[in-house]
Amino acid sequence: MNPHEVLRSQAPSDTSRERRSLSAATRVAHPRPVIVGSGLAGLTAAWSLDPRNCILVTPDRLTVGAASLWAQGGIAAALADDDSPTLHAQDTLRAGAFAGDRDTVDRITAAAPDVVQLLDQLGVPFDRTADGHLDLALEGGHSRRRVAHAGDHSGATITTALAHVVSHAPHIELLEGHTATRLVTDQSGAVRGIIVQDASGTRREIDTDAVILATGGMGGLFAHTTNPTTALGQGVALAARAGARTDDLHLVQFHPTALDVGRDPMPLLTEALRGAGAVLLADDARFVDELQPRDVVAAAVWEQLTDGRRVRLDARAVLDVRTRFPSVSALAEESGLDIAHDLLPVRPAVHYSMGGVTTDARGRTSVPGLWAIGEVSRTGLHGANRLASNSLLEAVVTGQAAAQDISTRATGRWDTSVPSADPETVAPATTGASLPLERARELLDTACGVLRDGPTLQSAVDQLSAHTAGDGAYVAWLIARSALAHPHSIGGHRRTDDPGALALHGVSA
Ligand SMILES: Cc1cc2nc3c(=O)[nH]c(=O)nc-3n(C[C@H](O)[C@H](O)[C@H](O)COP(=O)(O)OP(=O)(O)OC[C@H]3O[C@@H](n4cnc5c(N)ncnc54)[C@H](O)[C@@H]3O)c2cc1C
């Protein structure tokens, strides 16, 4: 799709919100695809469906609550003269402990340069060098300077640019202030509709045979997280209850440098700070190569904390640090810290979910009529550990792929390479004792942190299994259950009952 043609077709001629807001009568004769979530993935899918009419459901105003707005570092693409998609793919596979899907990794890294070009043409003001080239940043795990960025507020800049286009697109009907609560399936198991609920609790059903889940991650289910506290894995609950397969839910990425000042969610000190020269100190001594992949740095930080040392990030030697990292500087200031002068206390926090609703290359899930894109999906790009700045990229590529699939889809058999779900994971939302969210967060934090062991995981699974009628506890149960079923150390976590791996990584329990 030519972005210029699309932009021309979206000229804001007759686009009043009143005209486009969904009327009370939501049962329509010709069902439109429904996109759930207005982060970068959902916005991309909605925009890319042009000229196909669609409905975009989002709990608040457009983009509010999306982790996409919070991305600091940027978006990875092999754009430098000394770089190539092959090198980007190799770095992605290496960071992911070679557990990624080769085809997915090759496809998404190959698409990356075009994605950045598209965003550039959309008007995203990426930082540039004095000679006009994109100013590409170096981040942990990347062998080349590869991250296109807009200051240290890249996610907000990119997402807002796309939201502007979406809010003026006549083919998109915005349903703001609504949360998707259930998928409706027919007797064959195919999607036939979706239930949405507004802030007053009023529910309505939208008929559709195509739902794209773009609901983001699950970090809010953990007590220590950098994610919005609204990132509660709702998309996983919607999909899994409808019978969709999920995979790799136990593969959680811990960001090594969340600012540890008692805030929830924890402010993030971007990896780019370390790329620019900030160092990690444990009781004032360096202990790790700060540019190693996140899992290595997070495990090293965890080890120091477990041994009772104070771990702090020292960005004092980074040239012009306050002007180069204004968002980080502001976040630190809110806690009375000056990044140019103070040592910044840090600890690992849940940052990203590699697992999710399993999809094929077109975003199709195992349930006919259901697509998943962005962080809620498990595409196989990240393997056991996401390479920094690959997720905004994945959000755009998967959003485009799902939109293209829906636009060109022939009715009939749902063909996908995604296997069926394990029936034991499909829990109904029947009534049962509810579990306070804070309790689920504590349980997951304790059982599914950087260091894990079988008995603690079993206890969490047992406690959560009685509460799967609630979506938060259901997803927490799925995560803990997946962790229990995978007894080896890989990616972001280390099993303390997998001693070989502990020795390999030099982590003491
Ligand atoms: C602090 C931070 C920094 C990051 N930095 C980077 C970075 O530099 N580079 C990078 O590539 N990645 C980064 N990431 C990760 C990246 O931001 C996310 O993976 C990505 O933005 C996910 O996009 P998404 O569209 O899938 O989900 P989101 O942007 O989270 O959007 C999800 C949307 O779904 C909505 N939603 C959820 N449930 C429902 C429901 N039931 N009904 C209706 N709507 C619903 C939400 O309100 C939201 O609008 C960072 C993440 C964080 C938290």
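For ligands, and for the atoms within them, numbers begin at 1 and follow the listed sequence. Everything numeric here is computed off the predicted structure, so don't read it as measured data.
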**Request:** Test salt bridge (charged side-chain N to carboxylate O under 4.0 Å, His left out) on Asp120 and Arg128 and set out the steps.
**Result:** CA-CA 11 Å; Asp120 191 34; Arg128 296 190 173 272; 3.0 Å; yes

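- Near Asn390, with a cut-off below 4.0 Å to any heavy atom, the atoms of ligand 1 are 11 (O).
- For ligand 1, the atoms lying closer than 4.0 Å to a non-hydrogen atom of Val64 are 47 (O).
- Taking 4.5 Å as the limit, every side-chain heavy atom of Gln234 sits out of range of all side-chain heavy atoms of Asp471.
- Numbered from 1 in the order shown, with element, the atoms of ligand 1 that lie under 4.0 Å from a heavy atom of Trp70 read 1 (C), 2 (C), 3 (C).
- Using a 4.0 angstrom heavy-atom cutoff, Ser389 counts as in contact with ligand 1.
- Contacts of Glu375 with ligand 1, taken as heavy-atom pairs under 4.0 Å, involve both backbone and side chain.
- Residue pairs meeting the salt bridge (Lys or Arg N to Asp or Glu O under 4.0 Å) criterion with at least one member in residues 247-269, sequence neighbours excluded, are Arg245-Asp247, Asp248-Arg378, Arg263-Glu334, Asp264-Arg441.
- Among protein heavy atoms, atom 30 (O) of ligand 1 sits closest to Ala67 N, 2.9 Å.
- Note on residues 367-377: pairs passing side-chain hydrogen bond (donor to acceptor under 3.5 Å, both in side chains), not counting sequence neighbours, are Trp371-Asp405.
- Heavy atoms of Leu268 found under 4.0 angstrom from ligand 1 belong exclusively to the side chain.
- The Gln72 neighbourhood of ligand 1 comprises atoms 5 (N), 8 (O), with distances under 4.0 Å to a heavy atom of that residue.
- For atom 6 (C) of ligand 1, the nearest non-hydrogen atom from the set Ser391, Ala71, Gly39 comes from Ala71.
- Side-chain contact check for Thr226 and His351: at least one donor-acceptor pair (N or O, by modelled atom type) lies under 3.5 Å.
- The existence of a salt bridge linking Asp83 and Arg146 is confirmed by a sub-4.0 Å separation between a basic side-chain nitrogen and an acidic carboxylate oxygen.
- Here is the list of ligand 1 atoms found below 4.0 Å of a heavy atom in Ala41: 25 (O), 26 (O).
- Not a single heavy atom of Thr230 sits closer than 4.0 Å to an atom of ligand 1.
- Of the options Arg386, Glu394, Gln197, the smallest heavy-atom separation from atom 13 (C) of ligand 1 is shown by Arg386.
- One distance of note links CZ of Phe222 with CD of Glu442; it measures 13.5 Å at 0.5 Å rounding.
- Proximity of Ala214 to ligand 1 is established by a heavy-atom distance of less than 4.0 Å.
- For ligand 1, the atoms closer than 4.0 angstrom to any heavy atom of Val36 are 40 (C), 42 (N), 43 (C), 44 (N).
- Side-chain contact between Asn227 and Tyr352 is absent, with no heavy atoms from C-beta onward closer than 4.5 Å.
- At least one heavy atom of Thr226 lies less than 4.0 angstrom from ligand 1.
- Contacts of Val376 with ligand 1, taken as heavy-atom pairs under 4.0 Å, are absent altogether.
- The shortest contact between atom 52 (C) of ligand 1 and any protein heavy atom is with His351 CE1, 3.4 Å.
- In this structure, Gln404 places its CD atom where only 12 or fewer heavy-atom neighbours from other residues, nucleotides or ligands lie under 6.0 Å away.
- The CD1 atom of Ile373 sits 9.5 Å away from atom OG1 of Thr215, with the distance rounded to the nearest 0.5 Å.
- Residue-ligand proximity: Ala231 is placed with every non-hydrogen atom at 4.0 Å or more from ligand 1.
- Between Ile158 and Leu40 there is a side-chain heavy-atom pair separated by less than 4.5 Å.
- Looking at Gln72 and Asp152, their side chains never bring a donor and an acceptor atom within 3.5 Å of each other.
- Applying the 4.0 Å criterion to heavy atoms of Thr58 picks out, from ligand 1, the atoms 49 (O).
- Close approach of ligand 1 to Gly216 (heavy-atom distance below 4.0 Å) involves ligand atoms 26 (O), 27 (O), 30 (O), 32 (C).
- The side-chain heavy atoms of Pro345 and Leu259, taken from C-beta on, include a pair separated by under 4.5 Å.
- By the 3.5 Å distance cut-off applied to N or O atoms, Gly374 is not counted among the residues near ligand 1.
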